[in-house]
Amino acid sequence: MNRTAPPPPGTPLPGGPDRFRGPFARRPRAADAVLAAAVLLLTVFVEEAPGGTLALRPVTAVPLPVLLLFAAAGAALYRRRREPAAVLAVVLAAWAPTLGSRYATMGGMVVIALYSVGKYAGATRWNRLGVVAALAALTVDGLLGSVPWADIGFGVLVLAGAWYLGRRLRLRAERAVQLRYEQAAEARRIVTEERSHIARELHDVVAHRVSMMTVQAGAARMVAAHDPQEAREAMAAVEEAGRQALDELRHLLGVLRPDADADADRERLGPQPRLDDLPRLVDQVREAGLDVSVDISVDGGAGAPLPARVELSAYRIVQEALTNVLKHSGPRTRTEVRLGREDGDLVIEVADDGRGAAGPAAAAGTRDPVPGHGIVGMRERALLLGGSLDAGPRPGGGFRLAARLPAGGEAA
């Protein structure tokens, strides 16, 4: 399977589920403007008082050059998402002249700048140097102000923790995006593989009909001289088989594109399974330990005979559904299989109680949350015939699958 590199963080995923986005995520520029203004006001008007407490100070107590430094650093925070490294450089440059003085109150701005570098910038050498420079500046400020080493160490942990938190959030977002793209790629691969598998099976159906035409045409030629009536009947059968083969071939070419490198071992001329083969399939799963009851009512005035492709897809859906019951719920699971005609469509339902040998997880109606070949392939079969398929846990436990296949079997 070809692997595609994931897009940068923040790239929208087509078809992805909508997620809740708060006001700060919906309006990032307004949020950054409010944040920058709030931090600037705190930096200007709040200072550390004796005893480690905080106190308010009037703006007139701050020299004009210091106010300009505060304003430059606060304005830079507005661009923290788009240019995080440059913002950190501006904040550190504004902080440096105040180190060791009573005006070195830009710690909040430094924390935000470091978080932004971790969240919105890559782990480049210059960004790492910026983090080291911030930690060194804090250490110098503490030494100039005769701050105890314990307090300096705590401040270093706060600054490093802000950067680390942003970095972890960035990595988690990147992994989430990569996982969603890998799941989408895997789903596409499964669908492509299943379409190729269906195409090979329909190829076998067409090949079988053409083989029958050849046999019937040969029989007609042999009896044409002494039994014209039998020859006409044989040729009528050839005509009907040819019409059906052409219909199947048109569906095959119009909807499916089998791979050129199809497995050679699937190139058989024998007929593919039909609904008449379901009893044998049920006997096989019963031998495996599954408790299966079957109700099939698709004949007897319910409409025109089903095309071979519809019967084939119905057989495969039932087969895969019963296989899933054995896989996820285990033997001794009670399973009901019902097939019938409604408004000319073929309706399939496979339901189990989930109380087999696989344990409580099966009884709760759970299935493997990672998409696999089973349900994806069955749904692809139904969609290619213009039908639908729904599958999910039952309220009382177990699992239920319901499919509807149009009797005409035309692609949607």
Side-chain angles (χ1 to χ4, degrees), residues 31-81 83-171:
D32 289 341
V34 171
L35 178 63
V39 175
L40 176 59
L41 292 176
L42 290 174
T43 304
V44 172
F45 292 103
V46 178
E47 66 177 348
E48 186 176 356
T53 61
L54 298 178
L56 295 177
R57 64 184 172 191
V59 67
T60 55
V62 183
L64 180 60
V66 176
L67 282 176
L68 294 178
L69 292 175
F70 288 169
L77 289 179
Y78 175 71
R79 301 185 63 85
R80 68 183 187 90
R81 299 175 192 260
E83 301 176 67
V87 169
L88 178 61
V90 172
V91 172
L92 291 179
W95 190 28
T98 68
L99 295 178
S101 70
R102 58 179 296 193
Y103 305 112
T105 56
M106 294 189 195
M109 293 185 177
V110 177
V111 168
I112 295 174
L114 285 173
Y115 169 82
S116 302
V117 167
K119 179 72 181 295
Y120 303 110
T124 63
R125 183 181 65 176
W126 291 107
N127 293 339
R128 289 193 292 268
L129 287 177
V131 176
V132 173
L135 301 180
L138 177 64
T139 304
V140 171
D141 181 59
L143 294 177
L144 293 177
S146 300
V147 177
W149 278 105
D151 293 344
I152 294 176
F154 178 75
V156 169
L157 287 178
V158 171
L159 295 187
W163 172 83
Y164 180 76
L165 175 61
R167 182 64 182 166
R168 294 301 302 175
L169 291 176
R170 174 185 174 90
L171 293 177

request  = For residues 97-119, pull every pair meeting salt bridge (Lys or Arg N to Asp or Glu O under 4.0 Å), keeping only residues two or more places apart or in separate chains.
outcome  = Glu47-Arg102

Any residue meeting side chain to side chain contact (heavy atoms under 4.5 Å, CB included) with Ala36, in chain and number order, not counting sequence neighbours = Leu77

task = Identify, with sequence neighbours excluded, every residue that meets side chain to side chain donor-acceptor pair (under 3.5 Å) alongside Asn127.
result = Thr124

Minimal non-hydrogen separation, Val111 against Leu159, with atom names = CG2-CD2, 3.5 Å

inquiry  = For Ala73 versus Met106, what's the shortest heavy-atom pair and its separation?
reply    = CB-SD, 4.2 Å

request  = For Trp126 and Val117, run side chain to side chain contact (heavy atoms under 4.5 Å, CB included): C-alpha distance rounded to whole Å, both residues' side-chain angles, the deciding distance at 0.1 Å, then the answer.
outcome  = CA-CA 11 Å; Trp126 291 107; Val117 167; over 6 Å; no

OH-CG distance between Tyr115 and Leu169, expressed to the nearest 0.5 angstrom = 4.5 Å

Atom pair OG1/CG of Thr105 and Leu42 - distance to nearest 0.5 Å = 9.5 Å

inquiry  = For the backbone of Ser116 and the side chain of Arg81, can you confirm whether one donor and one acceptor N or O come within less than 3.5 Å of each other?
reply    = no

key: Nearest atoms (heavy-atom pairs only) where Pro97 meets Ala93   = CD-O, 3.1 Å

remark   = Heavy-atom closest pair (Leu92 atom, Gly130 atom, distance to 0.1 Å) is CD1-O, 3.7 Å

message = I need the Leu114 CG to Leu135 CG distance, nearest 0.5 Å.
response = 7.0 Å

remark   = Rounded to the nearest 0.5 Å, the OG1 atom of Thr43 sits from the CG atom of Leu67 at a distance of 11.0 Å

key: Atom pair CH2 (Trp163) and CG (Leu88), whose distance is rounded to the nearest 0.5 Å   = 12.0 Å

ask   = When rounded to the nearest 0.5 angstrom, what is the spacing between CE in Met109 and CG in Leu35?
value = 9.5 Å

task = Taking all heavy atoms of Ala61 and all of Tyr103, pick out the closest pair and write down the distance.
result = O-OH, 3.2 Å

query = Checking side chain to side chain contact (heavy atoms under 4.5 Å, CB included) against Arg57, which of Val44, Val46, Val62 comes through?
reply = Val62

request  = Flag the pair Phe70 / Leu41 as yes when at least one side-chain heavy-atom distance between them is below 4.5 Å, and no otherwise.
outcome  = no

ask   = If you take all heavy atoms of Val91 and Ala113, which pair is closest and at what distance?
value = CG2-CB, 4.4 Å

